[in-house]
Amino acid sequence: MCVCVSYSEVKSEIQQQLKRKALIPILGSGFTKGCASRNGTVPSGADYKEYMIDQIMKIRGYDDSKRLDYEKKQFPDISTIYHEIVPKNNQRNYLRNNFTKVELHLEKKKFLNINWPYIYTLNSDDAIENNSRYETVIYSNREISHEIFSTEKCTIKLHGDVYDILKYEDSKCEIFDLQQYVHSLYENRILLDKLKHDYEFTNLMYIGCSLSNEIDLLSISSKATINGNRYYCTTKQPDEDDLLMLSKYGITHCVIFDSYDAIYTELVASAEEAEKIGKSDLDEYKTFEITELQNGFDINKAYLFHGKSLINKERHVCLPSFFISRKITDQLATNIRTKGTQILVGSGCSGKTYVTIDLARRIVDKDVFVFQSRERIKETLIKSSHYAANMV
């Protein structure tokens with residue numbers, strides 16, 4: 001169930017997530033709404049819907065008595081009609097004028113200057129890549145080289161890119177109408193699988209998203225196991241029905257800010273404070289990177305036959321291709337949050353280490369320390385650490 005909180009209530013945990021680079025933003029139309037563009041301003045979802053209704057009524061010769069019928073329809077329904085009957089040149093001119101050469105306000109540029117692992121956006125405009133270092137655009141409905149996320153700063157466009165739409169007659173990246181949404185569920189599997197992975201193994205923050213009729217996001221949230229936190233940023237106090245609908249998208253926290261500008265200034269301040277958090281000698285036991293090995297006997301045999309350690313000297317974790325999640329991990333993850341300390345018991349070669357690593361990678365909203373049996377930690381180090389108050 002989604003809970004309603006002020007930013008001050010989650011500020012500390014968000015700072016830690018920013019420090020660990022375990023928080024990823026998903027930006028919606030509210031992020032660029034009203035920003036100056038090539039020959040206009042970026043519309044909100046509601047503005048875009050009104051524009052499409054105007055064009056539909058003009059082409060069909062309807063008077064204002066028909067407007068109310070259209071206004072009752074959902075955005076994807078209006079978009080379906082618009083894309084079917086409005087000339088392509090008219091559609092492209094509107095996109096070119098309002099979705100290209102977007103200029104962001106200073107506080108949003110500072111927000112993009114935070115060292116995010118990468119950024120998801122539901123927008124097709126060019127604001128993020130043109131106003132930040134996240135200039136490598138990842139398109140929907142395309143094969144991805146996953147190494148790109150570790151070598152470049154990426155903007156992942158889940159619902160299409162304006163330049164792809166303007167350039168190519170056969171562009172298939174735009175996702176606004178019903179048919180495009182349904183098509184995306186099948187053709188955009190690679191990006192949606194990545195998003196599903198992030199749903200399960202990192203923390204997400206929604207900013208400027210209405211989360212209304214986002215069929216692809218709803219599909220993912222219904223299938224993903226929620227391990228971390230999903231923060232929905234808003235300035236409005238939600239009612240019980242709003243919280244219920246947010247829960248359907250996997251949102252765990254509805255975070256209330258004093259203003260939209262405060263969303264960006266507060267997060268920028270938190271990121272700056274996160275950079276000042278000092279390191280402890282214990283940090284090496286929580287800063288481990290996880291890699292999933294590909295199929296193949298040669299690269300996996302040492303783990304299967306010789307009991308090779310999953311953690312190397314650099315604290316890098318390699319998961320063999322036969323690694324699976326077990327139901328007991330689900331039970332442990334639930335019990336830790338509701339009952340506290342858990343003790344896992346089993347004989348040799350029963351899989352305790354694999355379950356422990358699986359549990360460690362699932363807990364993404366808190367610091368997790370992994371100590372192997374051969375390692376010895378001095379009690380004085382734990383007592384002197386700034387983590388001591390939160391360790392069990």
Side-chain angles (χ1 to χ4, degrees), residues 27-104 121-131 135-142 155-188 191 208-210 212-216:
L27 306 180
S29 63
F31 184 72
T32 52
K33 172 189 174 183
C35 292
S37 57
R38 178 191 292 265
N39 192 25
T41 58
V42 180
S44 66
D47 295 335
Y48 196 8
K49 179 182 175 182
E50 285 299 312
Y51 168 78
M52 290 190 289
I53 290 174
D54 288 339
Q55 296 303 301
I56 293 168
M57 292 181 61
K58 180 179 179 181
I59 288 175
R60 290 191 166 165
Y62 294 145
D63 59 29
D64 280 345
S65 63
K66 187 70 174 177
R67 178 175 292 276
L68 184 58
D69 292 336
Y70 281 122
E71 289 179 344
K72 290 179 180 177
K73 294 182 182 294
Q74 299 294 326
F75 184 97
D77 299 320
I78 293 298
S79 183
T80 298
I81 301 169
Y82 171 82
H83 283 86
E84 187 67 29
I85 71 171
V86 174
K88 292 293 183 184
N89 282 343
N90 292 17
Q91 296 180 34
R92 292 193 180 107
N93 284 337
Y94 182 79
L95 292 175
R96 185 178 293 107
N97 288 333
N98 296 280
F99 286 72
T100 65
K101 296 189 176 180
V102 177
E103 279 293 327
L104 289 177
T121 181
L122 305 178
N123 302 339
S124 59
D125 61 61
D126 64 1
I128 299 173
E129 61 269 32
N130 276 5
N131 291 271
E135 26 184 42
T136 300
V137 175
I138 305 298
Y139 302 97
S140 56
N141 299 325
R142 301 290 298 274
T155 297
I156 304 174
K157 294 199 169 183
L158 293 171
H159 288 178
D161 173 70
V162 63
Y163 290 109
D164 189 276
I165 298 167
L166 293 175
K167 286 179 186 177
Y168 304 111
E169 290 288 346
D170 63 346
S171 175
K172 298 178 181 178
C173 70
E174 186 179 26
I175 303 175
F176 284 130
D177 65 36
L178 287 174
Q179 186 175 8
Q180 291 168 344
Y181 265 112
V182 173
H183 180 77
S184 169
L185 294 178
Y186 294 96
E187 300 298 326
N188 200 25
L191 267 190
C209 302
S210 65
S212 175
N213 294 305
E214 301 291 359
I215 299 172
D216 46 359

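Heavy atoms only: backbone and side chains are in, while hydrogens, waters and symmetry mates are out.
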Chemist: Of the options Thr41, Asp125, Asp126, which is the one that meets Thr32 in a side chain to side chain donor-acceptor pair (under 3.5 Å)?
Modeler: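 It is Asp125; the other options fail the test.
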Chemist: Specify whether Phe99 and Tyr48 have parallel, tilted or perpendicular ring planes, treating 30° as the upper limit for parallel and 60° as the lower limit for perpendicular.
Modeler: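 Answer is tilted, since the angle falls between 30° and 60°.
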Chemist: When rounded to the nearest 0.5 angstrom, what distance separates CD1 in Ile156 from OG1 in Thr136?
Modeler: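 Ile156 atom CD1 to Thr136 atom OG1 measures 11.0 Å (nearest 0.5 Å).
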Chemist: Would you call Met52 and Ser79 a side-chain contact if the rule is heavy atoms closer than 4.5 Å?
Modeler: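 Yes, their side chains come closer than 4.5 Å.
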Chemist: To the nearest 0.5 angstrom, please state how far the CG atom of Leu104 sits from the CD1 atom of Ile128.
Modeler: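 Here the rounded value is 8.0 Å.
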Chemist: Give me the atom names and distance for the closest heavy-atom approach of Gly28 to Asn123.
Modeler: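 Residues Gly28 and Asn123, closest heavy atoms: O-ND2, 2.9 Å.
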Chemist: Is any side-chain heavy atom of Arg67 less than 4.5 Å from a side-chain heavy atom of Asp54?
Modeler: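 Yes - at least one pair of side-chain heavy atoms lies under 4.5 Å apart.
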Chemist: At what distance, to the nearest 0.5 angstrom, does OG of Ser124 lie from NE2 of His159?
Modeler: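 Separation between the atoms: 10.5 Å.
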Chemist: Which atom pair, heavy atoms only, marks the closest approach of Cys209 to Leu122?
Modeler: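 Shortest heavy-atom separation between Cys209 and Leu122 comes out as SG-CD1, 4.0 Å.
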Chemist: When you compare the side chain of Glu129 with that of Asp161, does any pair of heavy atoms fall below 4.5 Å?
Modeler: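 Touching, per the 4.5 Å side-chain cut-off.
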Chemist: What heavy-atom pair brings Met57 and Asp63 nearest, and what distance separates the two atoms?
Modeler: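 Between these two residues, the closest heavy atoms are CE-O, 3.0 Å.
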Chemist: Determine whether a donor-acceptor pair (N or O, by modelled atom type, separation under 3.5 Å) exists between the side chain of Asn131 and the backbone of Val102.
Modeler: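 Between the backbone of Val102 and the side chain of Asn131 there is a qualifying donor-acceptor contact (under 3.5 Å).
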Chemist: Over all heavy atoms of both residues, which pair between Ile78 and Ile56 is shortest? Give the atoms and the distance, please.
Modeler: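 That would be O-CD1, 3.8 Å.
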Chemist: Is Pro43 close to Tyr94 at the side-chain level, that is, under 4.5 Å between some pair of heavy atoms?
Modeler: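 Yes. Closest side-chain heavy atoms under 4.5 Å.
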Chemist: Check Lys49 against Glu71 and note the closest heavy-atom contact, atom names and distance.
Modeler: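 That would be NZ-O, 3.0 Å.
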Chemist: Please round to the nearest 0.5 Å and tell me the distance separating atom CD1 of Ile165 and atom OG1 of Thr100.
Modeler: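 Reported to 0.5 Å precision, the distance equals 11.5 Å.
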Chemist: Donor-acceptor check, side chain of Ser37 to backbone of Asn97, threshold 3.5 angstrom: yes or no?
Modeler: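 Side chain of Ser37 to backbone of Asn97, a donor-acceptor pair under 3.5 Å: yes, one is there.
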Chemist: Does Ile59 reach the side chain of Pro87, with side-chain heavy atoms less than 4.5 Å apart?
Modeler: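 The answer is yes, as the side chains (C-beta and beyond) meet within the 4.5 Å cut-off.
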Chemist: Which heavy-atom pair separates Val86 from Gln91 by the least distance, and what is that distance?
Modeler: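 Here Val86 and Gln91 meet closest at O-NE2, 2.7 Å.
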Chemist: Roughly how far, to the nearest 0.5 Å, is CG of Asn39 from CG of Asn98?
Modeler: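 Asn98 atom CG to Asn39 atom CG measures 8.0 Å (nearest 0.5 Å).
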Chemist: How about Thr80 and Asp77: does a side-chain donor come under 3.5 Å of a side-chain acceptor?
Modeler: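 No.
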Chemist: Nearest 0.5 angstrom please: Tyr62 OH to Ile53 CD1, how far?
Modeler: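 Tyr62 atom OH to Ile53 atom CD1 measures 13.0 Å (nearest 0.5 Å).
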